[in-house]
Amino acid sequence: MYVDMVTARHYEERLQEEYLEGKQPAFDISAGPIPGELHLAAGHEASAAGVCQHLRDDDTVTAPHRPHHVAIAKGVDLERMTAEIFGRETGLGKGKGGHMHLFDPDVGFACSGIIAEGCPPAAGAGLAAKKRNTDSVAVAYLGEGAIDQGAFLESLNFAAVHDLPVVFVVEDNDWAISMPKGRVTDVENGAQRAGGFDMPGVRVDHDDAVAIYDAAKEAIGRARDRNGPTLMEVQVHRRMGHFMGDPESYRPEEDQEAAAERDSIARLEADLQSHGVDEESIEELRDDAHERVEDAIAFAKDQPEPDPSAAHEDVFVNPPSGVTDTEPEYDLAGGDD
Ligand SMILES: Cc1ncc(C[n+]2csc(CCOP(=O)(O)OP(=O)(O)O)c2C)c(N)n1
Ligand SMILES: [Mg+2]
């Protein structure tokens with residue numbers, strides 16, 4: 001868990017540096033080595049490490065627009081993921097998806113920029129596992145700002161009524177862009193939503209990776225044993241802006257300071273030390289993780305950019321005429337499928 005967390009933290013800090021290159025002084029979102037938006041998850045690491053520790057490659061995870069920590073903990077290929085973020089040809093999506101559309105079927109990971117969008121596909125993966133009679137499970141991540149979204153609520157209902165092996169993980173970082181939680185939702189604890197669907201709901205506070213691990217163990221075990229879905233909410237903190245370039249003028253300074261103080265990594269380090277792991281071993285793990293990140297970034301920057309002529313390839317199932325030479329692969333208009 002510690003390795004996943006320090007890998008993810010260093011990854012975000014390094015991506016921040018790379019991203020800001022060339023974008024200043026007047027913020028130009030298309031400039032620099034990472035064009036487009038970038039949402040970093042520094043401060044969210046515990047939720048990914050604590051949950052994904054219980055998952056296998058044949059389990060499915062869907063994440064939202066802030067996906068890197070979850071992708072890392074799920075075991076997504078770091079080099080191909082980084083190449084994707086840098087828009088390179090050897091990226092997971094051949095450089096066409098960018099950081100919000102990472103997809104790695106080898107380890108069952110996908111994410112989307114549309115909030116709560118991962119919930120229906122996770123319920124679908126749960127339904128597939130049930131129909132295929134396997135013990136795989138699915139986990140859908142979403143932010144607390146998405147808990148009033150229809151896709152989430154409908155997925156909770158669907159998973160509950162069909163007893164699907166799905167765990168919904170709400171990452172509560174208090175903010176949805178510039179909107180504080182209290183202004184849009186009347187429940188303080190999003191896990192209360194579970195009551196309306198007759199499923200267990202559990203909230204874990206204090207950015208506590210070990211407590212998240214324990215709660216996830218129960219929820220994922222329950223799903224694997226075919227006892228149905230669980231809703232978890234975990235407290236995390238956003239240490240950076242909503243997106244890179246966000247001036248955060250809406251955010252009180254005390255809130256930023258509090259987020260920096262509630263560092264799940266420092267907390268886990270203290271835990272490890274209290275269990276007899278010495279500082280030297282912790283440093284060694286951290287150094288190795290940092291090296292892995294540096295290697296992935298160096299790999300990505302060294303990769304070719306996609307050829308412009310391939311821009312429409314793999315984008316449409318049924319390309320509108322004239323867009324590509326590819327013949328339609330599926331008949332969307334008819335048939336029994
Ligand atoms: C359906 C939909 N509505 C609006 C948006 C724009 N949007 C992007 S992120 C975001 C806030 C998300 O907040 P939260 O779910 O708490 O996640 P966090 O960014 O805090 O991790 C919104 C409204 C979107 N991507 N999708
Ligand atoms: Mg949020």
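Counting starts at 1 for both ligands and their atoms, following the listed order.
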Heavy atoms of L127 and L164 approach each other most closely as CA-CD2, 3.7 Å
Path from M232 to Y213 over hydrophobic side-chain contacts below 4.5 Å:
no
Option whose closest heavy atom lies nearest to atom 11 (C) of ligand 1, chosen from I177, V236, T185
I177
Strictly inside 4.0 angstrom of atom 22 (C) of ligand 1, do you find any protein heavy atom?
yes
Side-chain heavy atoms under 4.5 angstrom apart, residues restricted to Ile, Leu, Val, Met, Phe, Trp, Tyr: same cluster for L156 and I115?
no
Would you please indicate yes or no on a ring centroid separation below 6.0 angstrom for H242 and H65?
yes
Quick note on ligand 1: atoms under 4.0 Å from a heavy atom of N173 include exactly 18 (P), 20 (O), 21 (O)
Which atom names give the shortest non-hydrogen contact between D207 and R267, and what distance separates them?
O-CD, 3.7 Å
On the ring face of F299, is K301 found with NZ or CZ under 6.0 Å from the centre and within 45° of the axis?
no
With no hydrogens and no angle check, do the side chains of E84 and H99 hold a donor and an acceptor under 3.5 Å apart?
no
Suppose we measure from atom 25 (N) of ligand 1 to each protein heavy atom; which comes out shortest, and what is that distance?
G113 O, 2.8 Å
If we number the atoms of ligand 1 from 1 as shown, the ones under 4.0 Å from a heavy atom of R66 are 18 (P), 19 (O), 21 (O)
With a cut-off of 2.8 Å, does W175 put an N/O/S atom close enough to the Mg ion (ligand 2)?
yes
Closest to the Mg ion (ligand 2), among the N/O/S atoms of E144, is atom OE1
Would I115 count as being in polar contact with ligand 1, using the rule that some N or O on each side must be under 3.5 angstrom apart?
yes
Within-4.5 Å side-chain heavy-atom neighbours: W175 and R251
yes
Heavy atoms only: which of S112, G150, G145 lies closest to atom 16 (O) of ligand 1?
G145
Need the ligand 1 atom indices (1-based, order shown) with element for anything under 4.0 Å from a heavy-atom of I114.
1 (C), 25 (N), 26 (N)
Shared ILVMFWY cluster between L142 and V184, side chains joined below 4.5 angstrom?
no
Could you list which atoms of ligand 1 come closer than 4.0 Å to a heavy atom of E144?
16 (O)
Aromatic rings H10 and H290: how do their planes relate, parallel, tilted or perpendicular, breaks at 30° and 60°?
parallel
Which heavy atom of the protein is the closest neighbour of atom 15 (O) of ligand 1, given with residue, atom name and distance?
G143 CA, 3.2 Å
Where ligand 1 meets Q149 - atom numbers and elements under 4.0 angstrom, heavy-atom basis:
1 (C)
H242: numbered ligand 1 atoms lying under 4.0 Å from its heavy atoms
9 (S), 19 (O)
Considering heavy atoms of the protein only, find what lies nearest to atom 12 (C) of ligand 1 and give residue, atom and distance to 0.1 Å.
H65 CE1, 3.7 Å
